[in-house]
Amino acid sequence: MKEWWIHVGLICIPLVAVYLHIPPPQLSPALQKWHSAGQVFHFRGRKIFYRDSYGALGSSDVIILLHGFPTSSYDWNKIWEPLTQRFHRVIALDFLGFGFSDKPRPHKYSIFEQASVVEALVAHLGLSNQRVNLVSHDYGDTVALELLYRSDQNRTGHLTLNSLCLSNGGLFPETHHPRLLQTLLKDSGILALVLTRLTNYMIFQKGIGDVFGPYTQPTDAEFWDMWTGLRFNDGNLVLDSILQFINQRFQHRERWVGALTSTFIPLHMIYGPLDPVNPHPQFIRRYQQLVQRSTFTILDEHISHYPQLEDPTGFLNAYFNFIHSF
């Protein structure tokens, strides 16, 4: 029996070694086009990728899009062109540790730092005195709440917010249900280091597919683009560090939920009700109870955690109805 385990180990070790040195996938033509249309600015010595498109003539309105975990600004690709027809400037970035931005390790990733990245980008683009509209999803929702807190507190360098539209994010720890792998990665120490290195496309596809609706699954090409964005700059190796945002939501609940419930900035929530991470009806009931100044849109019952990708038309209709209401 001992010899059998030795043989297995001798076989597995080189296989694992080969796997760990598999280079990241090549960018698809669609992802390459997105990358080529973007630019980079430096934040505390780190490269941050962003896109900044000029759109509607005769409008001065600016919109900034904040993506979720574990994906990137490419999450907004299906609604990008329609937004440029409504807004003067449409801006999105890859947060530090995501997409085409730098992914330093070791590094203590935090929501506070990501909010500072957004503020630095706004300053870099010369928009510090411009009223901006924020649209956020998932992880980006929490970054948006920190930006909202800073704006309402009139902190130095804060954004001047015109409106905030949230979507399918874990705003309330008590109604948030992270996936098993997320829980393992954020809390497991040495095990997390192993898991980040063994995460592969099949595991990733299964995890992402579980938070899309059964009728709105990404295509194979779309799954692959998400995986490519994650693997760019070895992003799989920083997942455990980034996932500390779940613990940060508990630690700073009063600050972030307090900002949401007390602000007078126009608010809207676009919600895919089939979301297993923020399940219906518990999440939306909690939102209605606590955020009474906000309006909200519940999309079709088959829409899940990624509404801007699963139902881009419904998402846009809900957002334009909101933005034209004030």
Side-chain angles (χ1 to χ4, degrees), residues 34-57 59-69 71-76 80 83-84 86-104 107-166 169 233 238 242 245 248 252 255-256 259-260 263-267 323:
W34 184 266
H35 182 252
S36 298
Q39 303 173 66
V40 166
F41 86 106
H42 289 82
F43 174 81
R44 298 174 185 171
R46 311 292 189 185
K47 294 178 182 177
I48 303 296
F49 173 85
Y50 70 95
R51 284 200 59 181
D52 178 14
S53 292
Y54 285 81
L57 298 175
S59 170
S60 61
D61 293 345
V62 175
I63 184 171
I64 300 176
L65 309 172
L66 307 179
H67 68 80
F69 175 92
T71 41
S72 70
S73 60
Y74 193 60
D75 290 351
W76 305 108
W80 192 265
L83 288 175
T84 64
R86 166 60 180 80
F87 290 91
H88 174 56
R89 290 175 79 171
V90 181
I91 300 163
L93 74 158
D94 289 346
F95 290 124
L96 187 68
F98 293 80
F100 297 123
S101 291
D102 279 353
K103 299 170 179 176
H107 186 79
K108 290 185 177 180
Y109 292 88
S110 77
I111 295 297
F112 299 104
E113 181 180 44
Q114 304 288 19
S116 296
V117 170
V118 178
E119 290 176 337
L121 174 60
V122 168
H124 172 75
L125 296 176
L127 297 172
S128 296
N129 297 319
Q130 172 77 44
R131 298 182 71 83
V132 300
N133 301 282
L134 283 185
V135 177
S136 58
H137 171 243
D138 184 66
Y139 180 89
D141 281 1
T142 307
V143 178
L145 294 189
E146 173 58 21
L147 291 167
L148 179 63
Y149 175 86
R150 296 181 186 187
S151 179
D152 285 350
Q153 295 294 316
N154 202 28
R155 294 291 183 90
T156 301
H158 70 81
L159 272 61
T160 304
L161 296 180
N162 188 56
S163 69
L164 170 58
C165 180
L166 306 155
N233 285 341
V238 301
I242 292 174
F245 77 86
Q248 292 164 23
H252 305 289
R255 176 186 180 103
W256 292 332
L260 185 62
T263 189
F264 287 93
I265 289 170
L267 292 173
I323 209 72

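- Side chains of Asp141 and His137: no donor on one and acceptor on the other come within 3.5 Å.
- Side-chain atoms of Glu146 never come within 3.5 Å of backbone atoms of Trp256 as a donor-acceptor pair (strictly under, hydrogens ignored).
- Atoms CG and CG, on Leu121 and Leu159 in that order, are 9.0 Å from each other to the nearest 0.5 Å.
- Looking only at atom types and distance, the side chain of Trp34 has no donor-acceptor partner in the side chain of Ser72 under 3.5 Å away.
- In this structure, a donor-acceptor pair under 3.5 Å is present between the side chains of Trp80 and Ser53.
- Looking at Lys108 and Glu113, no side-chain N of the basic residue comes within less than 4.0 Å of a carboxylate O on the acidic one, giving no salt bridge.
- Checked against a 6.0 Å centroid threshold, the rings of His252 and Phe112 count as neighbours.
- Gln153 CD to Leu148 CG: the interatomic distance, rounded to the nearest 0.5 Å, is 10.0 Å.
- Of the possible polar contacts, none joining the Gln248 side chain to the Thr142 backbone as a donor-acceptor pair under 3.5 Å is found.
- Using a distance-only test at 3.5 Å, with no hydrogens or angles considered, no donor-acceptor pair links the side chain of Ser151 to the main chain of His158.
- Remark: of the listed residues Phe49, Tyr74, Tyr139, Tyr109, Tyr139 is the sole one forming a ring pair (Phe, Tyr, Trp, His ring centres under 6.0 Å) with Phe98.
- Judged by distance alone, the side chains of Arg150 and Ser116 do bring a donor and an acceptor atom under 3.5 Å apart.
- Side-chain atoms of Asp61 do not come within 3.5 Å of backbone N or O of Phe87 as any donor-acceptor pair.
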Could you give me the CA-CA distance, side-chain angles and deciding distance for Val135 and Leu66, then say whether side-chain contact (heavy atoms from CB on, under 4.5 Å) is met? CA-CA 6 Å; Val135 177; Leu66 307 179; over 6 Å; no
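- Residues satisfying the side-chain contact (heavy atoms from CB on, under 4.5 Å) criterion with Asn162, sequence neighbours excluded, are Arg131, Asn133, Phe326.
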